[in-house]
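Reminder, nothing fancy here: chain letters follow the sequence lines and each chain counts from 1.
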Amino acid sequence: MSPILSVRGLTVCYPNADQPAVDGVGFDLEPGATIAVVGESGSGKSTVALALSRLLNPAVSIRADALTFEGRDLLGLRREALRRLRARRIAMIFQSPFGSWNPSRTIGAQLVDGLRAAGLWPDRRERLLELLKRVGIDDPERRLGDYPHRFSGGMLQRAMIAGALVTEPSLLVADEPTSALDATVQAEILEILDELRKEQNLALMLISHDLGVVARVAQHTLVLYRGQVVESGPTAALYRHAGHPYTQGLLAAVPRLEGPRKTPLPAMPQGTATRGGCVFASRCPRAEDLCRTSAPSPRHLNGTDVACHFAEDVRREPIWRW
Amino acid sequence: MTDNRERTMRLRAGSRLLRLLASLMWILLVVWVAVSVTFVLSRIVPADPARLAAGLDAGPEQVAEVRAEMGLDQPLAAQYGRYLGDLITGDLGRSLQTRQPVIDDLLTALPASLELILASYLIYAVIGILAGIAWAYWPRGPHTLLLRFGAVIGVAVPVFWVGLVLQVVFAGKLQWFPVAGNFDFEGTGVPKVTGMGLVDTALTGQLPLIGEALRTLALPVVTLVVTHLAVTMTLMRSSLEEQLKRPYVRTARARGVKERRIVFVDALRNSLNPVVTMLGLQLGWSLGGVVIVEVIFSWPGFGLYAYQAFSAFDYNAIMAITLLSTVVFVTVNALVGMIYPMLDPRLKEAR
Ligand SMILES: Nc1ncnc2c1ncn2[C@@H]1O[C@H](COP(=O)(O)OP(=O)(O)OP(=O)(O)O)[C@@H](O)[C@H]1O
Ligand SMILES: [Mg+2]
């Protein structure tokens with residue numbers, strides 16, 4: 001099957017930044033599949049998402065060797081084509097439930113705007129109500145007349161999902177859709193997302209800083225550090241034998257109920273980007289001179305692609321246990 | 001359930017009435033404070049109103065006579081009581097300068113000012129809002145140079161300077177416009193309906209007369225517009241730009257909503273709040289704001305009257321002027337406060 005989304009060497013630079021926020025990221029996404037993008041705050045996850053749908057402001061430079069969606073070059077799209085693509089093919093859900101809605105317009109008005117933009121109003125009216133019910137909004141007809149402040153964060157995010165999926169897009173980019181919500185609602189919403197993905201054969205790009213969250217739904221995981229993919233591969237393989245110290249650190253940082261507390265990752269030393277070396281070198285306990293002078297390129301190793309000079313050793317003798 | 005709903009509705013209607021009453025009380029309170037402060041101030045200043053009223057060449061008996069006639073020989077409390085009583089019956093006393101009841105003076109002066117204020121206000125509010133929107137909507141391009149220039153001029157250059165330059169150039173040198181004064185009703189046969197030249201000539205439907213009214217209005221109105229436009233424009237622009245950076249705008253873009261719709265339907269309404277506040281304040285201050293312009297162009301309105309009253313320590317007039325400015329300011333602000341709920345559903349529901 002040919003991928004629905006293909007990214008090669010995606011590099012994004014914010015104006016006035018001394019290093020790119022996203023640096024040479026590449027991955028493929030099959031139709032109906034789920035890919036997770038993980039990494040701590042500031043690793044460039046949102047920037048990847050925004051670059052895909054070209055939602056970054058024009059002053060931000062986006063370069064890529066390839067950025068194709070359904071066979072079309074995303075970087076070459078004109079304004080109107082891009083708008084139509086967003087309306088029909090690529091849907092997005094953002095992190096902050098409250099900020100993502102206009103406080104002075106009703107939920108219904110804003111959802112209808114989306115359907116109008118897609119040319120699907122009023123044909124999909126019934127479908128919208130149905131979806132709202134599906135995601136757990138009772139009496140949707142009445143709730144559509146409510147303003148966002150009448151909704152809870154979880155409800156807003158549910159409505160956002162319904163609005164995103166009612167146009168039957170082929171790709172949904174969900175940027176930390178549950179980070180602002182409490183754990184039970186989080187699990188529920190992820191479940192709904194996963195169900196709907198199966199039903200609509202939707203490709204899902206799920207962004208999170210929580211590996212525990214994505215493990216349940218994503219077949220494939222991409223680990224970002226300072227804008228670079230340090231490790232990627234099938235989620236199961238990544239979990240079983242992470243080959244990058246950073247991945248291990250992330251896994252070790254997943255809070256667990258049983259067992260002893262794991263060592264947290266050392267804090268990020270700001271502004272000590274090692275030019276020419278491995279991005280993780282300044283925080284890596286395993287780092288040697290080689291790591292500070294030469295950047296490792298990703299190697300295929302036991303199911304995952306790892307960008308670490310010492311992946312074999314690290315895998316044999318994990319730096320952090322999880 | 002219906003019962004409950006009805007009860008809630010009734011409660012809401014009741015609380016709305018209460019709110020209205022409360023704001024009315026508030027206005028009255030502020031006005032009363034202003035009146036009292038003015039009264040106290042007028043008795044503190046060293047000038048002697050009776051002396052001024054009697055004239056410089058009056059003898060001591062005459063001054064005493066005038067003093068008694070004005071009630072100035074009474075205790076302060078009695079004077080205050082009398083002053084309040086007169087106010088309530090609409091008696092603002094007599095102007096020392098014009099020897100007319102102050103209320104009559106004001107009634108002739110106000111339409112002239114109102115004409116100036118309304119004309120300039122409408123122009124700079126509308127143009128300011130539109131220019132601000134355009135600036136935020138098309139943030140790049142040669143037009144921004146012009147807008148930026150206009151904004152700097154409007155903020156940096158004082159009213160009197162703009163007024164004087166316009167007067168010297170367009171009235172003095174080029175003689176396109178009259179140097180001073182408002183529309184002269186005398187000899188034109190235009191009936192004085194509102195007292196505003198433009199409105200009354202428009203009512204006659206005679207183009208040459210309307211043109212004449214416009215010509216008298218042009219320079220003072222342009223002066224006011226130039227000096228007020230910049231604030232409206234820059235505020236509108238920054239407020240809209242700020243809204244366009246909000247996450248909900250990104251959501252709308254991600255949904256494929258057209259940019260024009262995002263700006264005009266989503267962002268514009270949210271950005272109006274500070275603009276409405278500012279325009280409200282400007283309207284509230286407008287009676288004070290026209291003073292300089294009216295003095296420069298000898299426009300016989302409230303501002304010129306106030307200027308003359310203050311210069312001559314025409315204290316009845318001063319009291320009336322203070323009172324009127326306060327009433328206008330407080331009332332306009334209360335009215336503006338009623339606009340906010342229309343812009344923000346949370347406030348609307350709270351009512
Ligand atoms: N508008 C911007 N202007 C300049 N730099 C930015 C901007 N947005 C993000 N960055 C920088 O780009 C880098 C990546 O940011 P991004 O928001 O993509 O991270 P993230 O992985 O989504 O983090 P989080 O988990 O906190 O959402 C960060 O170093 C950030 O400081
Ligand atoms: Mg983010």
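Distance check: B/Thr251 OG1 to A/Leu55 CG gives 9.0 Å after rounding to the nearest 0.5 Å. Put simply, CG on A/Leu50 and CZ on B/Arg253 are 11.5 Å apart, with the number rounded to the nearest 0.5 Å.
The number of heavy-atom neighbours closer than 6.0 Å to CG of B/Leu145, taken from other residues, nucleotides and ligands shown, is 12 or below. Within a 6.0 Å radius of CG in A/Asp182, other residues, nucleotides and ligands contribute more than 12 heavy atoms. Open room surrounds CZ on A/Arg63; 12 or fewer heavy atoms of other groups in view lie less than 6.0 Å from it.
Using a 4.5 Å cut-off between heavy atoms, A/Ser53 does not touch chain B at all. With a threshold of 4.5 angstrom between heavy atoms, A/Gln110 approaches chain B through its backbone and through its side chain. If you measure heavy-atom distances from A/Arg84 to chain B, you find no contacts under 4.5 Å at all. The part of A/Arg116 that comes within reach of chain B is its side chain, from C-beta onward, which places non-hydrogen atoms under 4.5 angstrom from that chain.
Of the charged side-chain nitrogens involved, none lies within less than 4.0 Å of a carboxylate oxygen, so that A/Asp113 and B/Arg255 do not count as a salt-bridged pair.
Between A/Gly99 and B/Pro247, the shortest heavy-atom contact is O-CB, 3.5 Å.
Taking the side chain as every heavy atom from C-beta outward, B/Tyr248 and A/Pro103 approach each other to under 4.5 Å. At a threshold of 4.5 Å between non-hydrogen side-chain atoms, the residues B/Arg250 and A/Met92 do not count as touching. Residues A/Arg105 and B/Val265 form a side-chain contact, since some pair of their non-hydrogen atoms from C-beta on lies under 4.5 Å apart.
Interface remark: of the candidates A/Ala117, A/Ala109, A/Ser104, A/Ser104 forms the most heavy-atom pairs closer than 4.5 Å to chain B. Listed options B/Val257, B/Val249, B/Ile262 were ranked by heavy-atom pairs under 4.5 angstrom with chain A; first place goes to B/Val257.
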